[in-house]
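Inspection log for the structure reproduced underneath, given as structure tokens.
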2 protein chains.
Amino acid sequence: MRLLIVEDEKRLALSLAKGLTAEGYAVDVVHDGREGLDRATTEPYDLVILDIMLPGLNGYRVCAALRAAGHDVPILMLTAKDGEYDEAEGLDTGADDYLTKPFSYVVLVARVKALLRRRRAAGASPVHVHGDLKVDTAARRVWLGGAETELTAKEFSVLEHLVLRAGEVVSKADILEHVWDFAYEGDPNIVEVYVSALRRKLRADLIRTVRGAGYRLETAP
Amino acid sequence: MRLLIVEDEKRLALSLAKGLTAEGYAVDVVHDGREGLDRATTEPYDLVILDIMLPGLNGYRVCAALRAAGHDVPILMLTAKDGEYDEAEGLDTGADDYLTKPFSYVVLVARVKALLRRRRAAGASPVHVHGDLKVDTAARRVWLGGAETELTAKEFSVLEHLVLRAGEVVSKADILEHVWDFAYEGDPNIVEVYVSALRRKLRADLIRTVRGAGYRLETAP
DNA sequence: CCTCGACGATCAGGAGTCGCATGCGGTCCA
DNA sequence: TGGACCGCATGCGACTCCTGATCGTCGAGG
């Protein structure tokens with residue numbers, strides 16, 4: 001599950017990102033509205049956490065623009081309590097839920113999970129397809145050209161992370177942070193070991209090495 | 001059968017939950033309106049017991065929001081006798097039945113059963129079929145390939161939870177939360193013991209272990 | 001065009017984790 | 001009082017994961 005946080009208070013954004021990453025989500029953070037809109041329109045996020053007061057473009061406008069562009073990604077709005085902005089307005093522009101600052105981290109996580117559950121209950125499939133590769137994140141199953149392949153937990157996590165960023169180059173540090181513990185003090189070689197295993201179990205040319213940068217899951221067949 | 005209790009008086013909520021659990025229902029409890037709405041919209045409950053006076057969002061609004069969202073889950077409202085809230089209003093917003101505090105536990109159970117019967121009579125099937133496995137959550141009976149199998153209460157609850165999420169990986173923590181008390185502090189080993197029993201009584205390959213992730217009820221035959 | 005250095009791939013082994021089976025005592029109910 | 005059910009503990013077996021070492025490959029600069 002991939003989350004985008006659009007929040008200009010950097011400390012808050014960072015702490016949310018850390019926590020949600022620990023929950024197992026892939027988290028990206030941007031600090032202004034325009035950048036947020038760009039990312040949300042071009043990348044496949046499962047949920048967007050959107051602050052109202054933002055430099056560049058405020059949260060309402062980001063939200064409205066996203067909906068106008070036909071994106072139905074769930075949006076959780078963050079509003080300040082001082083009443084300058086109205087919660088109802090947030091829901092009117094197409095947000096799915098809102099949270100009033102200050103909020104506890106536990107509540108935020110509960111809302112995030114609820115929104116993701118709701119979306120899943122509505123029939124949104126957690127299945128990702130790229131070429132002849134099919135990955136079902138809920139069932140934790142992987143097919144290649146119709147044949148199912150058995151993966152271990154770590155192998156699946158690495159693959160899932162690459163699939164969520166299919167076509168992009170993902171650095172080893174990024175994979176380490178997301179799949180392993182946050183502050184993992186280990187050899188980046190583990191990533192190589194698991195990529196190697198994935199290539200062996202799936203197909204060698206599925207994961208492309210970008211020397212000095214990381215790995216990229218090939219999307220075109 | 002899964003029940004959700006939305007009630008902020010914790011002692012009352014707990015005693016109801018205990019009683020209904022003993023009746024064989026899987027019971028979740030939340031203490032405020034918003035959380036109740038979240039859960040009811042995202043989880044597949046068979047009935048919601050909803051107090052009127054709630055922090056966050058009162059019972060009427062939860063009920064109205066649920067109906068507005070297209071959910072037809074039966075709702076049993078709990079009203080205080082002091083007339084501040086009108087019973088009729090509860091029914092207007094879409095509740096199926098109401099009960100005035102204080103009420104006897106026996107009456108509550110009778111109403112719950114009546115509502116579940118009514119829904120069943122209306123054609124909602126509590127029977128889930130996956131391959132040659134048939135599970136009747138109302139009657140709490142299980143058939144495998146036409147032959148009925150006797151399960152204990154806990155065995156059935158674990159199976160029911162897996163059936164409701166058939167095809168997905170369900171973590172042991174998730175099973176613990178839903179089948180045992182919600183704040184259960186116990187050894188995940190219990191889950192393993194019950195899964196083991198289910199495999200013995202049903203078929204070994206029906207419940208698949210996904211190492212490091214949980215269990216998955218196989219859907220394909 | 002060759003050489004060298006850095007980076008990446010692969011392999012094997014041991015430690016640790018995870019899941020399963022079994023058995024025992026407690027408790028609840030008939 | 002007896003039986004069934006439940007929670008818990010233990011020990012075993014298997015698999016996974018990480019580490020370290022070695023081998024391979026790419027690319028830049030001489």
Please determine whether a side-chain nitrogen or oxygen atom of [X] lies at a distance below 4.0 Å from atom OP1 or OP2 of [N].
X: A/Arg211; N: D/dG27; value: no
X: A/Arg200; N: C/dA9; value: no
X: B/Trp180; N: D/dG7; value: yes
X: A/Thr152; N: D/dC17; value: yes
X: B/Lys172; N: C/dC18; value: no
X: A/Tyr194; N: D/dT16; value: no

Rounded to whole Å, how long is the line connecting atom [atom1] of [X] with atom [atom2] of [N]?
X: A/Asp187; N: C/dC7; atom1: CG; atom2: C1'; result: 12 Å
X: A/Arg216; N: C/dG8; atom1: CZ; atom2: C1'; result: 16 Å
X: A/Lys154; N: D/dC15; atom1: NZ; atom2: C1'; result: 14 Å
X: A/Glu155; N: C/dT10; atom1: CD; atom2: P; result: 13 Å
X: A/Lys201; N: C/dA9; atom1: NZ; atom2: C1'; result: 17 Å
X: A/Glu150; N: D/dT16; atom1: CD; atom2: C1'; result: 14 Å
X: A/Arg208; N: C/dG8; atom1: CZ; atom2: C1'; result: 15 Å

Using a strict 4.0 Å threshold on nitrogen-to-oxygen distance, state whether A/Arg216 and A/Glu218 make a salt bridge.
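Yes, A/Arg216 and A/Glu218 are salt-bridged.
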
Between B/Asp32 and B/Arg61, does any NZ, NE, NH1 or NH2 come within less than 4.0 Å of an OD or OE carboxylate oxygen?
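A salt bridge is absent here (no side-chain N lies under 4.0 Å from a carboxylate O).
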
Return the CD1 to CD distance between B/Ile49 and B/Glu7, rounded to the nearest 0.5 Å.
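Answer rounded to 0.5 Å: 9.5 Å.
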
Report yes or no: do B/Arg2 and B/Ser157 form a side-chain donor-acceptor pair below 3.5 Å?
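Absent: no donor and acceptor within the cut-off.
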
Report the residue (A/Asn189 or B/Leu151) whose heavy-atom-nearest nucleotide on DNA chain D is the more 5′ of the two.
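Nearest-nucleotide comparison on DNA chain D picks B/Leu151.
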
Using 30° and 60° as the class limits, which term best fits the ring planes of B/Trp180 and B/Tyr194: parallel, tilted or perpendicular?
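Perpendicular.
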
Hey, which of these two, B/Thr209 or A/Tyr215, hits DNA chain C nearer its 5' end, going by closest nucleotide?
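First, find each residue's nearest nucleotide; the 5'-ward one identifies A/Tyr215.
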
